[in-house]
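Keep in mind it's a predicted model, so treat the numbers as computed, not measured.
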Amino acid sequence: MNAASTRYWLMKNEPDEFSIDRALNAPQATIAWDGVRNYQARNFMRDDMQVGDGVLYWHSSCAEPGIYGIARIAGHLRPDASQFDPDSKYYDPKSKPEAPRWLMLDVQALRKIEPLTVAALRQYPELEDMRVLQKGNRLSITPVDARHWDFIMGLVKAQD
């Protein structure tokens with residue numbers, strides 16, 4: 001994939017389910033990104049994400065939400081099996097195996113970073129229009145503009 005077609009994403013995960021540490025310790029540092037139950041987020045996965053796209057690995061539902069790692073889309077888009085499991089919190093009784101509603105794909109963790117918390121990110125005027133920092137944004141997957149990605153990669157590089 002060439003740089004011109006690479007897209008960037010912010011993907012939220014709860015650290016008690018799949019922290020960046022757990023992802024890095026998975027085989028090939030790759031996890032199945034499952035449990036997405038929002039149509040817009042599902043459509044990003046289905047229609048827009050490509051192998052090699054960059055991912056800001058966001059920890060949500062924790063004391064200090066923010067970016068905790070860098071990852072990439074590793075592919076293998078497929079139906080999310082948890083939608084068919086009555087014992088799963090992601091069970092969807094309206095979804096049928098012959099017409100699944102929900103998808104998952106593989107994400108490969110590349111590195112852990114010093115957390116870039118919401119408060120830290122809000123300090124930078126360059127990021128003020130970043131979607132995740134907007135009031136009311138609760139989407140688990142959001143596109144990231146290349147200019148925001150580049151600025152954040154500069155912050156990450158400064159950590160090294």
Side-chain angles (χ1 to χ4, degrees), residues 1-78 80 82 90 102-160:
M1 170 146 302
N2 65 42
S5 61
T6 299
R7 292 184 173 168
Y8 305 102
W9 305 94
L10 183 140
M11 298 178 76
K12 295 180 181 178
N13 215 334
E14 295 178 13
D16 60 340
E17 288 196 25
F18 264 111
S19 69
I20 187 67
D21 293 314
R22 185 170 172 197
L24 284 166
N25 287 316
Q28 289 88 44
T30 301
I31 60 168
W33 204 276
D34 63 0
V36 173
R37 294 297 182 268
N38 173 283
Y39 287 106
Q40 187 176 7
R42 187 262 336 252
N43 293 348
F44 286 143
M45 293 169 65
R46 183 190 67 201
D47 302 333
D48 299 320
M49 290 181 165
Q50 298 292 324
V51 171
D53 284 357
V55 174
L56 301 174
Y57 201 109
W58 185 276
H59 284 184
S60 62
S61 301
C62 59
E64 292 286 339
I67 302 166
Y68 282 70
I70 307 301
R72 72 175 196 92
I73 301 300
H76 195 204
L77 185 69
R78 59 201 180 275
D80 181 343
S82 66
Y90 299 116
W102 307 112
L103 303 170
M104 64 182 188
L105 51 66
D106 292 336
V107 173
Q108 182 180 39
L110 300 175
R111 68 175 286 192
K112 182 177 181 173
I113 64 170
E114 289 297 318
L116 293 170
T117 64
V118 171
L121 294 169
R122 287 190 193 280
Q123 293 179 38
Y124 299 103
E126 297 88 344
L127 300 176
E128 68 185 1
D129 60 343
M130 191 172 176
R131 191 180 278 188
V132 74
L133 300 178
Q134 304 305 305
K135 288 188 183 209
N137 179 66
R138 302 210 10 94
L139 207 54
S140 63
I141 298 172
T142 55
V144 174
D145 290 345
R147 64 189 168 85
H148 294 146
W149 176 270
D150 292 342
F151 185 83
I152 290 167
M153 290 304 102
L155 297 175
V156 170
K157 187 173 184 172
Q159 292 179 355
D160 292 340

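Taking the six-membered ring for Trp and thresholds of 30 and 60 degrees, Tyr8 and Trp149 have nearly parallel ring planes, at less than 30 degrees apart.
For the pair Leu116/Tyr68, no side-chain contact is recorded, criterion being any heavy-atom separation below 4.5 Å from C-beta on. Side-chain contact check for Met153 versus Leu56: some heavy-atom pair is nearer than 4.5 Å. Side-chain contact between Lys12 and Asn137 is present, with at least one heavy-atom pair separated by less than 4.5 Å. Side-chain atoms of Leu127 and Phe151, non-hydrogen and from C-beta on, do get closer than 4.5 Å to each other. Looking at Ile70 and Val55, their side chains never come closer than 4.5 Å, going by heavy atoms from C-beta outward. A heavy-atom distance below 4.5 Å is not found between the side chains of Val107 and Thr30. The closest side-chain heavy-atom distance from Tyr90 to Val36 is not below 4.5 Å. Between Val118 and Val132, the closest side-chain pair of non-hydrogen atoms is not below 4.5 Å.
Considering all non-hydrogen atoms of both residues, Cys62 and Pro15 come closest at CB-CG, 3.8 Å. Residues Arg147 and Glu126 come closest through the heavy atom pair NH1-O, 3.9 Å. Nearest heavy-atom pair across Asn38 and Trp102 is N-CZ3, 3.6 Å. Ala26 and Ile31 make their closest contact through CB-CG2, 3.9 Å (heavy atoms, listed as atom of the first residue, atom of the second, distance). The two residues Arg72 and Gly52 come nearest to each other via the heavy atoms NH1-N, 3.6 Å. Closest approach of Trp58 to Leu10, counting heavy atoms only: CE3-CD1, 3.4 Å.
The main-chain N or O of His76 is found under 3.5 Å from a side-chain atom of Arg78 such that the two form a donor-acceptor pair. Not a single donor-acceptor pair under 3.5 Å links the side chain of His59 to the backbone N or O of Gly69. In this structure, Asp53 contributes its side chain and Arg7 its backbone to a donor-acceptor pair below 3.5 Å.
Between the OG atom of Ser19 and the CD atom of Glu14 there is a distance of 12.0 Å, given to the nearest 0.5 Å. Rounding to the nearest 0.5 Å places CD of Glu17 at 8.0 Å from CG of Asp34. Note that the CE atom of Met11 and the CD1 atom of Ile67 stand 14.0 Å from one another [nearest 0.5 Å]. Rounded to the nearest 0.5 Å, atoms CG (Asn13) and OG (Ser140) are 9.0 Å apart.
Between Asp160 and Arg111 there is a salt bridge, with a side-chain nitrogen of the basic residue lying less than 4.0 Å from a carboxylate oxygen of the acidic one. A salt bridge between Lys157 and Asp150 is absent, with no side-chain N of the basic residue lying under 4.0 Å from a carboxylate O of the acidic one. Of the charged side-chain nitrogens involved, none lies within less than 4.0 Å of a carboxylate oxygen, so that Arg42 and Asp47 do not count as a salt-bridged pair.
Tyr57 has its ring centre no less than 6.0 Å from the ring centre of Trp9.
Other residues, nucleotides and ligands place more than 12 heavy atoms under 6.0 Å from the CD atom of Gln159.
With Phe18 as the aromatic partner, Arg22 meets the cation-pi criteria of under 6.0 angstrom to the ring centre and within 45 degrees of the ring axis.
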For the pair Ser82 and Asp80, evaluate side chain to side chain donor-acceptor pair (under 3.5 Å) and give the outcome as yes or no after the intermediate values. CA-CA 6 Å; Ser82 66; Asp80 181 343; 2.6 Å; yes
Step-by-step side chain to side chain contact (heavy atoms under 4.5 Å, CB included) determination, Glu128 to Leu133: CA-CA 7 Å; Glu128 68 185 1; Leu133 300 178; over 6 Å; no
Under the criterion side chain to side chain contact (heavy atoms under 4.5 Å, CB included), I'd like the reasoning laid out for Met49 against Leu77: C-alpha separation, chi angles, the key distance, then a yes or no. CA-CA 9 Å; Met49 290 181 165; Leu77 185 69; over 6 Å; no
Could you go through the side chain to side chain contact (heavy atoms under 4.5 Å, CB included) check for Leu139 and Phe44 one step at a time? CA-CA 11 Å; Leu139 207 54; Phe44 286 143; 3.9 Å; yes
